[in-house]
Amino acid sequence: MSLQMLPSTVRFAVLYLVAIAAGQLTILGMPDAMPVIWPATAVAAVWLVNRNDSRWRWVDATVLGVLTAVALAATGMDIGLALLHGGTATLEALAFAVAAVRWMPGIWVTGAGPEGTGRPLATLPDLVRALMVATGAAFLGAAFGGLGQHLIAGDPSLTVTAIWLIRDVVSVLVFGAAAHRLLAVPSDQRVWREAAIIYAISAAAYFYVFSVNEDLPIGFALLAITVWAALRLPTALTIGHVMVFGTTAAVFTMHGQGPYAAIDHDSPGTHTLVVQLFIGVLALVGLALAFSRDERNALIERLRASEFEATEKAGLMTTIVNSMTEGLAILDQAGGLVLRNPAAGRLLGSTNQVAGGSALGSDYGFFHPDGAPLADAELPYQRALAGEDVQPMDVLIRNAAVPEGRIVRFNVARLASPGGQQHVVVVFHDVTADRRHRDELMSFAGMVAHDLLNPLTTIEGWAEVLETELAGYKPAERVGRIQRAAARMRTFLNGLLAYTAARDGKLMPTTINLQLLLTDIANSRHDQAESNRTQPPQFAFGQLDAVEADPVLVRQLLENLIDNALELAAPGVAPQLSVAAQPAPNGMVRIDILDNGLGIPPGMRQAIFTNFHQGEGQGGSGLELAVCKRIVERHGGTIEAAANPYGSGTRMTFTLPAGRSAYARVLENQWQQRTQAAAPSSPAAHPR
């Protein structure tokens, strides 16, 4: 045996012998009767549980059996019975150890826990599992011992077997629960004062029941004191209370005093069984209540810690939200403010009105950046609640608190609460200075572009003169370079002017017949292809509802989108474009332009609408699609790029206000009559 195992084995052996000696002192009646209290069972169980994973466990089991036989033989027991009890103790301890490792992991095992020892019994599930394991092991020991005693000393009574079973189960519960617990005594003086009172009252009550008025069968009343102790005292003192006063009941009964001593004098085993049951009930009631209280206290402590942590986090979050320079608001499904920070009131210019429960609507003075009124349905958070995927949106706020106006950028996101109601988080910040700076730069760029057109025209004119004079000479090729550079410069300057016009020009909305406009654009692209000797594009127009918009800007919008689609045409493939419109929410018309070109990578479908963005292999100034976005937004619409759902290429989708005039209704009626009178149309005529 290793030196590390030897000291521990010796300590368990000494403790086991002490437990046997203590148990022998609780024999009731004849010398060969069974002890009422047998702590050796608990010591043996803990011993072999600690040796279960050791290669020396069989040595420890053998030592356990030998010590049991020798100790009992030394007390005068027949050698055969002593050997039988030694084998029974070994079998019962081994059975308990094997079952405990499976059903009670980490309990009593050496090496676990913060101080090198396994945790004690601490919870109701621990108690239930310990009761089941102890009952199974004790039943095996009682069956083996009863059979052996029948073979050696004759037929044992069922009472003796029941005493054996109950005694060992109670021993494991009480003394097993005491493992590690009795060392964890409290240091609070108030607890010790209350414990002294409970122990004193218990001593007086047990003395009265078992000595003063022993003929009165009121032993059950003592359970109330155990309940009191379990509810008020720490678990270590509760276990001590059960051990002390359970032993007191056994000692009084052993000396013929108390309500249990008078039970059936002709059969000593009967009152032994009754007092065993009394101690078992005390143990179960005391331990169950004590463990339940410990679990409740632990749960309360965790709840307090969680509450404290949540309070700290909430306070920190409130501090962060209140110190933000950006406005933050949470709105419910009805548009009422659930939460907002002080910056929200400052930015909206209505600090006193922006309070929980109030509605955040157009009465706060919300407008489009160009000054057009913004309806409630157009507010970004209302669109988010309606299920739209809303991009960051600039809103002009002008009210009594902000008469000069302030442009605020809204970012919204939907939240699904546990109750199923939709909420919206709105974060907004002031972009007035940024937009003013950008507008100044663009105005300056427009002025510069306009001023540069005059010298550029002069350059182009003199280049044309040079080309004529140098016709047939080699230097004429260099003049061609000047002309190409001048053409690129003119394209760039025209793009700047177009963007400036789309941004600053006053809108002149009127009803536009998209069918006529697109037909004219298509014819011009056919003529351009023939003059360039390239393959002409194929156009297919579906239903095209009238729109209410600025005709100059809408023509520029459509021309830019169609030219962009033609630039993305695949080499060697005839360009095909399909255009159709359909009604959209909020009085808008959705227009789709589909092409069969190379398409736009998913990661670039937002960037193409930014200023000076140029895709690979594309010409132009990089402002064409930015101009489109600006035109659409000035009309209150949106624009986006996506993959063509019917094949290769891109689908450009944008919205414009629907036509509201009598002319628009006439166009709609004409379209309906044409659709009803037409033969079954070809797929090309009605793009999907």
Side-chain angles (χ1 to χ4, degrees), residues 16 19 23 26 34-50 52 61 64-65 68 84-85 87-109 118-150 156-179 181 223 226 230 239 242-243 246 250 269-270 272-292:
Y16 186 66
T26 63
M34 297 190 67
V36 177
I37 299 175
W38 193 245
T41 302
V43 175
V46 175
W47 185 353
L48 293 193
V49 164
N50 280 273
N52 190 70
L64 172 65
T68 305
L84 172 65
H85 281 274
T88 302
T90 302
L91 176 65
E92 187 173 338
L94 283 172
F96 184 91
V98 171
V101 169
R102 178 176 177 82
W103 299 104
M104 301 163 57
I107 295 179
W108 300 331
V109 181
R119 66 180 181 86
L121 296 175
T123 64
L124 275 179
D126 288 345
L127 182 63
V128 172
R129 285 192 289 267
L131 178 62
M132 294 174 62
V133 172
T135 301
F139 182 81
L140 183 62
F144 179 80
L147 179 61
Q149 192 160 341
H150 169 70
S157 65
L158 292 176
T159 302
V160 173
T161 304
I163 292 173
W164 195 328
L165 177 65
I166 297 173
R167 181 200 66 184
D168 288 356
V169 171
V170 172
S171 173
V172 171
L173 290 182
V174 176
F175 294 96
R181 281 285 191 170
L223 285 174
T226 302
I239 295 173
V242 173
M243 293 173 62
T270 303
T272 303
L273 176 62
V274 173
V275 77
Q276 282 281 7
L277 288 172
F278 176 76
I279 297 172
V281 172
L282 286 183
L284 283 176
V285 171
L287 293 176
L289 291 175
F291 289 170
S292 298

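All values reported here derive from a predicted model rather than from experimental measurement.
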J.: Check whether any side-chain heavy atom of Leu173 sits under 4.5 Å from a side-chain heavy atom of Leu127, and report yes or no.
T.: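 Counting from C-beta outward, Leu173 and Leu127 do come under 4.5 Å.
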J.: Provide the closest heavy-atom pair for Ala99 versus Val133 in the form atom of the first, atom of the second, distance.
T.: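 Nearest heavy atoms, Ala99 then Val133: CB-CG1, 3.7 Å.
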J.: Give, for atom OG1 of Thr88 and atom CZ of Phe144, the distance between the pair rounded to the nearest 0.5 Å.
T.: 5.0 Å
J.: Should Leu64 and Tyr16 count as side-chain neighbours, where that means a heavy-atom distance under 4.5 Å?
T.: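 Heavy-atom side-chain distance check passes, below 4.5 Å.
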J.: Roughly how far, to the nearest 0.5 Å, is OG1 of Thr135 from CD1 of Ile166?
T.: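 Going from the CD1 atom of Ile166 to the OG1 atom of Thr135 covers 10.0 Å.
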J.: Looking at side-chain heavy atoms only, is the closest gap between Val242 and Leu287 below 4.5 Å?
T.: no
J.: Which heavy atom of Ala283 sits nearest to which heavy atom of Val174, and what is that distance?
T.: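 Distance-wise, the nearest heavy atoms are CB-CG2, 3.3 Å.
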J.: At their closest point, which heavy atom of Leu273 faces which heavy atom of Ala162, and how far apart are they?
T.: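 Nearest heavy atoms, Leu273 then Ala162: CD1-CB, 4.0 Å.
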J.: How long is the gap from CD1 on Ile239 to CZ on Phe291, to the nearest 0.5 Å?
T.: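 Reported to 0.5 Å precision, the distance equals 5.5 Å.
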J.: Grab the two heavy atoms, one from Ile279 and one from Ala250, that are nearest each other, plus how far apart they are.
T.: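 Nearest pair, atom of Ile279 first, then Ala250: CD1-CB, 4.2 Å.
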J.: Any non-hydrogen side-chain atom of Phe175 less than 4.5 Å from a side-chain atom of Ile37?
T.: yes
J.: Begin with the C-alpha distance, continue with both residues' side-chain angles, and end with the deciding distance and a verdict on side chain to side chain contact (heavy atoms under 4.5 Å, CB included) for Thr90 and Thr68.
T.: CA-CA 9 Å; Thr90 302; Thr68 305; 5.8 Å; no
J.: Between Pro39 and Ala19, which heavy-atom pair has the shortest distance, and what is it?
T.: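 Reported closest heavy-atom pair: CG-O, 3.6 Å.
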J.: A side-chain contact here means heavy atoms from C-beta on lying under 4.5 Å apart; do Asp168 and Trp38 qualify?
T.: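 When only atoms from C-beta onward are counted, Trp38 and Asp168 do touch, with a gap below 4.5 Å.
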J.: Indicate the atoms forming the closest heavy-atom contact of Gly141 with Trp164, along with that distance.
T.: O-CZ2, 4.2 Å
J.: Can you list every pair that meets salt bridge (charged side-chain N to carboxylate O under 4.0 Å, His left out) and has a residue in residues 122-139, with sequence neighbours left out?
T.: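 The answer is Arg119-Asp126, Asp126-Arg129.
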J.: Heavy-atom distance under 4.5 Å between the side chains of Leu91 and Leu140, does that happen here?
T.: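 Yes. Closest side-chain heavy atoms under 4.5 Å.
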J.: Is the side chain of Ser171 donor-acceptor paired with the backbone N or O of Arg167 at a distance under 3.5 Å, no angle test?
T.: no
